[in-house]
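Reviewing the structure listed below.
The shown structure was predicted, so the numbers you read here are calculated from the model rather than taken from an experiment. Atom set for the values below is all heavy atoms of this structure, side chains included, hydrogens, waters and symmetry mates excluded. Throughout, a chain's letter reflects where its sequence line sits, starting with A, and its residues are numbered from 1.
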Number of protein chains: 2
Amino acid sequence: MAADHLSLIFGALADPTRRAILARLADGETTVNELASPFDMTLPAISKHLKVLERAGLISRGRDAQWRPCRLEGGALREASDWVGRYRRFWESSYDELEALIEAGAPATGAEAPAADAPAPTETITP
Amino acid sequence: MAADHLSLIFGALADPTRRAILARLADGETTVNELASPFDMTLPAISKHLKVLERAGLISRGRDAQWRPCRLEGGALREASDWVGRYRRFWESSYDELEALIEAGAPATGAEAPAADAPAPTETITP
DNA sequence: TGGTTAATTAGCTGATCGGTAAACTATCGC
DNA sequence: GCGATAGTTTACCGATCAGCTAATTAACCA
């Protein structure tokens, strides 16, 4: 997977186990063992998932004696949300109205020409 | 990568080339060759990226003679947005206020106990 | 001191990913 | 029909991923 932050975030989210871990952490900070318990998977596997989540900035880990409590970090999720949000107009309203226009034989209007630079200002086109 | 839809979507977004393709498609439907032109990459590589995006439902492809015009599909992005949106409270407002509360020595209140089932109702815990 | 519990690291495997080159398919225009 | 244009498919390669077992680190408890 690419090394840029957004790719790390989306890559981390592209796994049901990791998303379930985040879901659990939404109920509050907890330990690695408790996070692991619902899964049919060894502890090292969970540990790896946590590392992926941490590298993406989706969680952070503290220390409490021999426990390493994990907590959800909203910042990275916000980055993901912000990126996706730039495309909001592609699923909001538009659908019915635009569909109708197209059905009616309207030509490709400026309507679907979006905020030009909106998506991916930091998106290096050839990294 | 896991086979569930959300994983396909996030997995597809976890690549700067594919995100740049989506950004380009936000400016309107276009052909594969035009999509490929900004990249220092062969056509087959782009073709693969498009297949990943299509499998995730992020784009659709039509036919116009020998061209296969691609268009952005908002639905999948909406799914991603909806999923991430369930965690909104983790980056909205809360930050300063909650941080302040914690600093002030407030115990773990119900405040950060979230809408219980909010995240991942379809998230199978052990697939 | 020694044992237990919590978690990570190391090393291995098989599967998937991102890219390539080469060959193939399909459609257009002459 | 023929050549050019647009795009996909088919191997193939090295790198990364997700999981495992076994060993290791770190802190507690008695």
Side-chain angles (χ1 to χ4, degrees), chain A residues 1-4 6-22 24-25 29-56 58-71 123-127, chain B residues 1-4 6-22 24-25 29-56 58-71 123-127:
Chain A
M1 185 201 320
D4 68 278
L6 221 29
S7 297
L8 286 178
I9 294 171
F10 284 128
L13 295 180
D15 183 294
T17 302
R18 288 193 290 258
R19 288 198 306 277
I21 288 174
L22 292 180
R24 169 62 191 79
L25 287 177
E29 199 164 312
T30 192
T31 68
V32 176
N33 266 289
E34 204 199 305
L35 283 174
S37 60
F39 300 100
D40 193 15
M41 203 180 292
T42 61
L43 211 42
I46 299 294
S47 204
K48 273 193 183 180
H49 281 304
L50 292 176
K51 197 179 287 184
V52 172
L53 290 168
E54 192 178 27
R55 232 167 82 78
L58 287 158
I59 66 168
S60 61
R61 284 188 274 188
R63 321 200 103 212
D64 176 7
Q66 69 252 231
W67 294 277
R68 236 126 308 194
C70 299
R71 57 146 49 206
E123 210 74 274
T124 308
I125 250 58
T126 324
Chain B
M1 186 200 319
D4 68 278
L6 221 30
S7 296
L8 286 178
I9 295 171
F10 284 128
L13 295 180
D15 183 294
T17 302
R18 290 192 289 258
R19 288 197 307 277
I21 288 175
L22 292 179
R24 168 60 191 81
L25 288 177
E29 199 165 310
T30 192
T31 69
V32 176
N33 265 290
E34 205 199 306
L35 282 174
S37 60
F39 301 101
D40 192 15
M41 203 179 292
T42 61
L43 253 208
I46 298 294
S47 205
K48 274 192 183 182
H49 282 304
L50 292 176
K51 196 178 288 185
V52 172
L53 290 169
E54 192 177 27
R55 232 166 83 78
L58 287 157
I59 66 168
S60 61
R61 283 188 275 188
R63 319 199 104 210
D64 177 8
Q66 69 250 235
W67 294 277
R68 236 127 307 195
C70 299
R71 58 147 46 206
E123 209 74 275
T124 308
I125 250 59
T126 323

### Message
Students often get this wrong, so: under 4.0 angstrom with heavy atoms, is B/Ala65 touching a base, only sugar-phosphate, or nothing?
### Response
sugar-phosphate

### Message
Looking at every heavy atom in both B/Ala45 and B/Met41, which two are closest together, and how far apart are they?
### Response
CB-CG, 3.4 Å

## Note on the structure
By nearest-heavy-atom nucleotide on DNA chain D, the more 5' of B/Asn33 and B/Lys48 is B/Asn33

### Between C/dT27 (P) and B/Asp64 (CG): distance, integer Å
12 Å

#### Entry: Nearest atoms (heavy-atom pairs only) where B/Phe39 meets B/Ala20
CZ-CB, 3.7 Å

### Task
Return the value, rounded to whole Å, for the distance between atom CD of A/Glu54 and atom P of C/dA7.
14 Å

Using a 3.5 Å cut-off and no angle test, enumerate the donor-acceptor pairs between side-chain atoms of residues 58-67 of chain A and protein atoms at least two apart in sequence or in another chain.
unit_1: A/Ser60; atom_1: OG; unit_2: A/Glu73; atom_2: OE2; d: 2.7
unit_1: A/Arg61; atom_1: NE; unit_2: A/Glu54; atom_2: OE1; d: 3.2
unit_1: A/Arg61; atom_1: NH2; unit_2: A/Glu54; atom_2: OE1; d: 2.7

### Message
Going 5' to 3' along DNA chain D, which are the first and last nucleotides with any atom under 4.0 Å from a heavy atom of chain A?
### Response
D/dT16 to D/dC28

### Message
Nearest whole Å is fine: how far is C/dT27 C1' from B/Trp67 CH2?
### Response
8 Å

### Query
Rounded to whole angstroms, how far apart are CG on A/Leu8 and P on C/dC17?
17 Å

### Message
Please tell me if B/Arg68 has a side-chain N or O lying less than 4.0 Å from either OP1 or OP2 of C/dT27.
### Response
no

### Query
Atom NE2 of B/His49 to atom C1' of C/dG18: distance rounded to whole Å?
6 Å

### Query
Distance-only, no hydrogens or angles: does the A/Arg18 side chain make a donor-acceptor pair with backbone N or O of A/Gly11 under 3.5 Å?
yes

### Query
Should B/Arg71 and B/Thr30 be marked as a side-chain hydrogen bond (donor to acceptor under 3.5 Å, both in side chains) after you check the CA-CA gap, both sets of side-chain angles, and the distance that decides it?
CA-CA 7 Å; B/Arg71 58 147 46 206; B/Thr30 192; over 6 Å; no

### For atom CG of B/Asp40 and atom C1' of C/dT20, their distance in whole Å
13 Å

### Residue whose nearest DNA chain C nucleotide is more 5′ - A/Met1 or A/Pro69
A/Pro69

## Note on the structure
Rounded to whole Å, the CG-C1' distance (A/Leu50 to C/dT9) equals 14 Å

### Query
Taking CD1 from B/Ile21 and P from C/dG19, how many angstroms apart are they, rounded to a whole number?
10 Å

### Query
Would you say B/Asp15 and A/Met1 make side-chain contact, with heavy atoms under 4.5 Å?
no

### Query
Between atom CG of A/Leu25 and atom SG of A/Cys70, what is the distance when rounded to the nearest 0.5 Å?
6.0 Å

### Query
Which residue, A/Gln66 or A/Pro44, contacts DNA chain C at a nucleotide closer to its 5' end, judged by nearest heavy atom?
A/Gln66

